[in-house]
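The block underneath contains the structure these notes are about, expressed in structure tokens.
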Amino acid sequence: MTSMIDLRLRQNDLSGTIPTELGSLDNLETLYMDTNGKVSGSIPTELSNLVKLTELHLYEMNLNGNLPSELGLLDGLLYLYLDTNELKGSIPEDWGGMRDLEQLFLSGNNLSGWLPVSIRGLRSLQIFRAADNLLSGPIPSDMGKLTKLEDVYLEDNNFSGKVPSELGELTKLKVMHLQGNNLTGNMPPEICKLQKDFSLRDLAADCDGVACTCESS
């Protein structure tokens, strides 16, 4: 079993919790346990021992508890899917060490707190989905340093303050959803330029309770 590199248990009728013993599969590169709605409990910290892991699929389950900060040790991880669970707490600062991470899906949980400053360390991030949570505080201006970002979904949270103009530095941005928050002000012209240049094709936001569009900025 220790030589296994690919484990796929998705879309079954599994129940119970995620076995901590999975952390001993030293050569594991991909782990799919998603779409098992009867699997509950927390994400085992032992999964951080899987140093060769590139894909972790734990979405559409019934997982709860906090996001393990230890997952930040998986600096070779490319895809992390934890959406549609009952996870709570904040996004760990230590996750900023996952420099190769390309896709991070956290939507549909009960996550709270501010987006960590360390998010600027996710330099390879292309898709970030954290919609439908309880996240709050300002949208970090440091997200403008994630120059590979293409899709950002932060809608239906409790973010406040203005939309950072630094997001206009994301020249590869195609989709940005910010509606359903407590944002104020106008859409920065730097972001409107992306839309006018036809790179940003899907922009949705509301500020002060009304649509926050480039036409009104």
Side-chain angles (χ1 to χ4, degrees), residues 1-130 133-135 140 142-143 145-146 148-149:
M1 289 287 286
T2 55
S3 62
M4 182 180 296
I5 61 173
D6 184 12
L7 179 58
R8 298 175 185 248
L9 300 171
R10 64 190 307 266
Q11 291 183 324
N12 282 291
D13 196 27
L14 300 177
S15 59
T17 59
I18 299 175
T20 58
E21 290 81 3
L22 290 177
S24 64
L25 301 178
D26 306 78
N27 291 299
L28 201 63
E29 297 177 6
T30 54
L31 175 57
Y32 291 72
M33 287 193 68
D34 58 272
T35 328
N36 282 293
K38 296 180 182 178
V39 176
S40 59
S42 59
I43 300 172
T45 58
E46 287 81 359
L47 295 185
S48 64
N49 296 328
L50 305 176
V51 294
K52 295 183 179 181
L53 203 64
T54 60
E55 298 186 37
L56 181 57
H57 298 248
L58 301 178
Y59 62 90
E60 292 184 22
M61 301 174 73
N62 195 26
L63 300 176
N64 50 55
N66 295 329
L67 299 174
S69 60
E70 291 85 353
L71 292 184
L73 298 172
L74 301 175
D75 55 7
L77 201 62
L78 300 177
Y79 307 113
L80 178 56
Y81 301 132
L82 303 176
D83 44 310
T84 319
N85 280 290
E86 298 293 333
L87 297 166
K88 62 181 182 179
S90 59
I91 300 174
E93 285 280 352
D94 293 343
W95 282 21
M98 295 189 284
R99 299 186 182 277
D100 291 336
L101 194 66
E102 296 180 2
Q103 298 185 11
L104 176 58
F105 286 24
L106 300 172
S107 296
N109 282 289
N110 296 310
L111 301 176
S112 58
W114 292 25
L115 289 180
V117 175
S118 64
I119 196 172
R120 63 189 176 192
L122 304 179
R123 296 299 177 88
S124 300
L125 198 62
Q126 298 172 11
I127 303 178
F128 180 38
R129 294 176 178 254
N133 278 290
L134 303 170
L135 297 169
D142 279 346
M143 284 188 67
K145 297 178 180 179
L146 305 181
K148 295 184 178 181
L149 261 182

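- A distance of 5.5 Å separates CG in L14 from CE in M33, rounded to the nearest 0.5 Å.
- A salt bridge links D13 and K38; the closest N-O separation between the charged side-chain nitrogens and carboxylate oxygens is under 4.0 Å.
- Looking at N133, its side chain does come within 3.5 Å of a backbone N or O of N109 through a donor-acceptor pair.
- The aromatic rings of H57 and Y81 sit perpendicular, their planes meeting at an angle over 60°, well past the 30° parallel limit.
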TODO: Take L7 and L22 through the test side chain to side chain contact (heavy atoms under 4.5 Å, CB included) and record every step on the way to the result.
DONE: CA-CA 10 Å; L7 179 58; L22 290 177; 3.7 Å; yes

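- The side-chain heavy atoms of L63 and I18, taken from C-beta on, include a pair separated by under 4.5 Å.
- For R123 against K148, the heavy-atom pair with the smallest separation is O-CD, 3.7 Å.
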Task: Verdict with supporting geometry, N66 and K88, side chain to side chain contact (heavy atoms under 4.5 Å, CB included) - done: CA-CA 5 Å; N66 295 329; K88 62 181 182 179; 3.6 Å; yes

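- A distance of 5.0 Å separates CD1 in I91 from CG in L135, rounded to the nearest 0.5 Å.
- Rounded to the nearest 0.5 Å, atoms CG (D34) and CG (L82) are 11.0 Å apart.
- Minimum interatomic distance between T45 and S48 (heavy atoms only, all atoms of both residues): O-OG, 2.7 Å.
- The backbone N or O of R10 lies less than 3.5 Å from a partner atom in the side chain of N12, making a donor-acceptor pair.
- Contact between P19 and P44 at its shortest, heavy atoms only, is O-CG, 4.4 Å.
- Looking only at side-chain heavy atoms (C-beta outward), L122 and F128 stay at 4.5 Å or farther from each other.
- Between L87 and the choices I43, L106, L58, the side-chain contact (heavy atoms from CB on, under 4.5 Å) rule is met once, by I43.
- The two residues A130 and S107 come nearest to each other via the heavy atoms N-OG, 3.4 Å.
- Using modelled atom types, one side-chain atom of S118 and one backbone atom of E93 make a donor-acceptor pair closer than 3.5 Å.
- Judged by distance alone, the side chain of T35 and the main-chain N or O of E60 form no donor-acceptor pair under 3.5 Å.
- With 3.5 Å as the limit, one finds a donor-acceptor pair spanning the side chains of Y32 and E55.
- Using modelled atom types, one finds a donor on one side chain and an acceptor on the other under 3.5 Å when comparing T30 with D6.
- One distance of note links CG of L78 with CD of E102; it measures 5.0 Å at 0.5 Å rounding.
- Here the options are Y59, F105, W95, the test is side-chain contact (heavy atoms from CB on, under 4.5 Å), and the partner is L80; only W95 passes.
- Between atom CD of residue Q126 and atom CG of residue L146 there is a gap of 11.5 Å, rounded to the nearest 0.5 Å.
- For the pair M98/L104, no side-chain contact is recorded, criterion being any heavy-atom separation below 4.5 Å from C-beta on.
- Atom CG of N64 sits about 8.5 Å away from atom CG of N85, to the nearest 0.5 Å.
- No hydrogens or angles considered: a donor-acceptor pair under 3.5 Å links the side chains of N110 and E86.
- Without hydrogens or angle criteria, S124 side chain to L101 main chain gives no donor-acceptor distance under 3.5 Å.
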